[in-house]
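Chain identifiers are assigned alphabetically (A, B, ...) following the order of the sequence lines, protein sequences preceding nucleic acid strands; residue numbering begins at 1 within each chain.
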Amino acid sequence: MSEPAAQPLLASATRAVHQLRDLGDPLPADVTARLAELTAGPAAEIEALLRPYVLVEVGVDEHAGTVTRPGAAPPRLVQHGWTSFLVRVANPHRIEGRLNGTTSGVYGVIDHRSHSARIALPDTVDSVPRIKDAWLQTRLATSGELSGLEAEYHVISAYSRDGGRRSAELAFTLAVEDRPPSLTRPPGNRAAIEMMMTATEYGATIEFESRPAREIRLDVREPDGASSMAAVTVRDAHGRSYPSTAMRLAPDMFFHEHVYRATGEVVVLPDGEYEISVRRGPEYRPVTRDVRVEPGTDAVELRLDRWVDPAAHGYYSGDPHIHAGGCSHYNVPSEGVTPETMIRHVRGEGLWLGSVLTWGPCYYHQKQFFSGESISPPALLENEAMQQAQGMTWSPRPTDRDDESALRYDVEVSGFPSSHSGHVILLGLTDQDYPGTQLIEDWPSWNLPIMRWGRAQGALTGYAHCGLGLAAGTDELPNHVVPGFQSIGSNEIVVDVPLGAADFQAGAELAPAAELNIWYHLLNVGYSTLMLGETDYPCIYDDGPGVGRTYVRLPSPPRGPRALEAWLDGLRDGASYFGDGRSHVFDFAVDGDTARDQRVAEPGPVRVTATVAAWLPETPPLPPEPGRPAYSAPVGWHLERARIGGGREVLLELVVNGYAVASQRVLADGAEREVAFDVTLERSSWVALRILPSVHTQPIFVEAGGRPIRASKRSAQWLHDSVDALWTAKSGFIRAGERDGARAAYDQAQAIYQGRRDESEVDG
Amino acid sequence: MNGCCGPVDTTAPIAVTINPEARVNVARTATRLGVLAPGDWHPVDVTIVNDGYVTGPLTIESAPVPGVELDLPVHVLTGEPRQDGGFRVRFDAPATVDVTLTFRALAALGGLAQHSTISLLLRSS
């Protein structure tokens with residue numbers, strides 16, 4: 001066999017080692033450091049470095065048959081947990097194909113090319129009969145694609161139901177796609193059958209040692225002692241995550257490191273040293289404690305550390321954009337997870353409301369959960385039998401805080417014929433099917449008819465991930481560069497707002513200039529369009545619901561079937577702000593008045609006041625490993641990005657008609673502080689406070705002398721020109737039969753902007 | 001959404017999909033690249049399936065890899081549901097290299113975790 005070239009071997013090894021890290025089973029730091037130093041080999045040193053961590057070596061013969069032999073890695077597993085190892089593949093004949101792992105007696109949880117009736121994958125898998133009697137499960141955590149290199153590395157994850165010593169055989173088959181296809185057998189079986197006809201022992205028998213584990217009850221407590229749901233992250237001294245992310249069942253998600261647990265619920269851990277962190281959204285400081293699990297350990301107290309309580313000020317949080325299915329993060333994107341799982345995630349992030357939006361890929365399955373009412377179900381396991389087959393016997397527990405979170409199922413018009421014009425969010429629908437439609441494909445091919453249909457039901461209508469495609473190559477805010485409308489941001493909002501059909505746009509996910517510019521221009525010409533913080537969980541952010549969030553002031557907590565409607569009423573008429581939840585602005589007022597619409601006799605000086613609170617750790621976090629984002633996303637909203645220098649201050653800005661006219665530094669130590677600005681309003685104006693990129697209030701509109709806000713001719717012109725740019729980019733996607741109607745609406749919007757431009761007092 | 005989650009039907013060795021949320025995914029298909037002769041530019045076809053109506057530039061990025069030249073043009077997405085694209089590779093001398101390619105729709109969110117990145121073994125002899 002020729003030796004593999006060092007560069008591709010190193011690339012394969014590095015990918016596998018990173019995969020181990022991401023699965024929570026990292027190799028020792030000195031090994032990964034040495035690997036990083038080996039920029040181009042030699043191959044022998046790479047192989048020697050990784051050999052101790054290889055569980056099995058797979059040899060591929062010239063017929064794509066395989067022989068598997070034990071490697072040097074100690075075959076140590078964890079009872080009720082997943083452990084990941086390297087697999088080395090020797091492929092001297094340079095065969096390309098897909099490697100599949102098998103465990104004797106278990107035909108695989110993942111078997112999507114078989115004759116099983118549907119794609120069977122981890123988060124909704126229904127494979128109980130196949131695995132409940134098997135103590136061992138294995139799966140390749142890498143793609144299994146063999147590149148044709150003479151040697152390469154993959155990763156295998158193994159789950160042990162039992163503790164103690166057990167023997168098992170591991171074997172692999174190689175599916176070679178360019179063989180003559182068989183109508184009755186999936187690729188790979190052919191090679192397996194040929195292997196079975198030889199006398200060769202093609203599997204590796206391995207004596208596993210599985211560390212016994214026990215259920216550890218988590219005693220999650222609010223500062224006042226109440227029981228609660230929280231996000232809990234468990235790592236051992238080697239950095240491994242528990243339960244392993246190699247395979248998780250809903251409500252535990254493989255794209256989280258944390259899991260959501262209520263007071264009294266459990267995680268399963270072997271004896272050892274652990275670092276356990278607990279947090280319940282950004283209103284709480286993360287709390288980390290070291291825990292030794294040993295004989296006699298049956299519970300761990302986790303005391304939450306709340307630093308701010310917006311609800312005590314009358315502000316109630318909501319995330320208007322989360323999903324229970326559809327994104328690639330879900331292994332069955334056409335189905336997803338149930339309300340019982342989603343409410344667990346929403347409670348665990350301390351959100352009062354989560355709008356679970358049904359959309360394209362999961363529409364026909366998820367629409368069954370729409371009821372036109374808010375719900376707050378118990379956080380039950382959605383597939384208890386599967387959990388039990390996996391050895392998870394914990395029972396969901398109610399908490400004292402359960403009724404402080406609710407879900408409302410509604411619709412995001414994404415993956416529909418009109419999606420090119422931006423993704424419409426409809427909040428508070430009573431009917432989720434557009435009139436006269438049977439299929440998604442029947443819906444209108446532009447958004448205005450949908451917005452009007454939603455508003456006729458009393459829904460709040462707006463646009464998701466507003467900044468997508470609206471970046472103009474500048475961080476200046478406001479700016480007057482007309483964007484290309486090349487993606488799925490607040491596109492048609494420039495038509496729908498002047499025609500009275502759009503209420504809001506949602507963001508707090510991307511760069512502020514891309515998100516806020518269009519909003520500022522709409523405000524400058526006299527519209528009272530709302531801006532909401534959202535997450536688009538888990539499409540834009542995986543971390544959890546409420547990464548972007550909106551706080552609305554209400555006279556009483558939003559509870560019961562009409563919880564969302566109460567929250568929307570507050571949003572329409574009252575005070576609110578949005579952001580990442582790491583900074584807050586309460587009681588924002590102009591001359592002591594918190595009303596959203598105010599009238600004064602004439603322009604002049606006003607006093608702007610608020611109570612502001614923000615919290616940052618005393619020192620900035622350590623830089624991330626190369627290639628890993630510092631915080632949630634490369635450009636997302638996060639108060640850490642507002643930190644001034646290496647200190648703990650952030651900049652609070654007063655915005656009038658789109659421009660920051662005054663500012664002051666705020667210490668982000670979690671304390672609530674009264675702030676005040678004295679400013680002279682030259683004309684009817686909108687006024688807001690912001691700490692970018694962390695929090696922004698809705699404006700207060702001050703109308704002076706009975707004149708409506710017409711603060712910028714340039715804003716009106718930008719909006720007018722944006723309608724042209726939008727037509728250029730999107731009209732080709734509108735059906736021929738609807739295009740004339742759309743053009744008429746675009747013309748109408750432009751005429752309105754021209755009128756407002758002429759009414760504006762200044763260029764702006 | 002028909003075909004939102006299945007493999008792309010194509011004879012190109014690489015398939016890029018942009019989902020309704022404008023996230024970019026890239027995957028190898030069953031089509032093999034074969035061994036490439038040194039000295040010549042070799043086209044590698046890419047099929048682009050665009051369920052997100054994304055327009056604007058789609059870039060292909062790669063760190064330099066000694067021994068191989070990559071010609072990675074910027075594609076302009078039209079928003080149409082399917083487009084053909086590709087790039088070229090050239091070896092000066094026989095070699096085997098592993099290149100990592102990242103596909104980004106610049107006007108959209110870019111990739112979906114590591115799903116917008118693919119590693120490709122290129123062999124010349």
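Counting only residues at least two apart or on different chains, the ring pair (Phe, Tyr, Trp, His ring centres under 6.0 Å) pairs with a member in residues 52-83 of chain B are A:H420-B:Y53, A:F733-B:Y53.
Taking the salt bridge (Lys or Arg N to Asp or Glu O under 4.0 Å) definition, one finds that B:R28 meets it with nothing, sequence neighbours left out. Partners of B:D71 by salt bridge (Lys or Arg N to Asp or Glu O under 4.0 Å), not counting sequence neighbours, listed by chain and number: B:R88.
Residues of residues 90-101 of chain B lying within less than 4.5 angstrom of chain A, judged on heavy atoms, are B:T96, B:V97, B:D98, B:T100 in numerical order.
A donor-acceptor pair under 3.5 Å links the side-chain atoms of B:T31 to the main chain of B:T11, judged by distance alone. Checking side-chain atoms of A:N447 against main-chain N and O of A:S421 turns up a donor-acceptor pair under 3.5 Å.
Only the side chain of A:E412 comes within less than 4.5 Å of a heavy atom of chain B; its backbone N, CA, C and O stay farther away.
Ring geometry for A:Y363 against A:W443 counts as perpendicular: the plane angle is over 60°, on a 0 to 90° scale with 30° as the lower cut.
Your options are B:G52, B:P66, B:G79, and the one with the most heavy-atom pairs under 4.5 Å with chain A is B:G79.
Counted within 6.0 Å of CG on A:D442, heavy atoms from surrounding residues, nucleotides or ligands total more than 12; the atom is thus considered enclosed.
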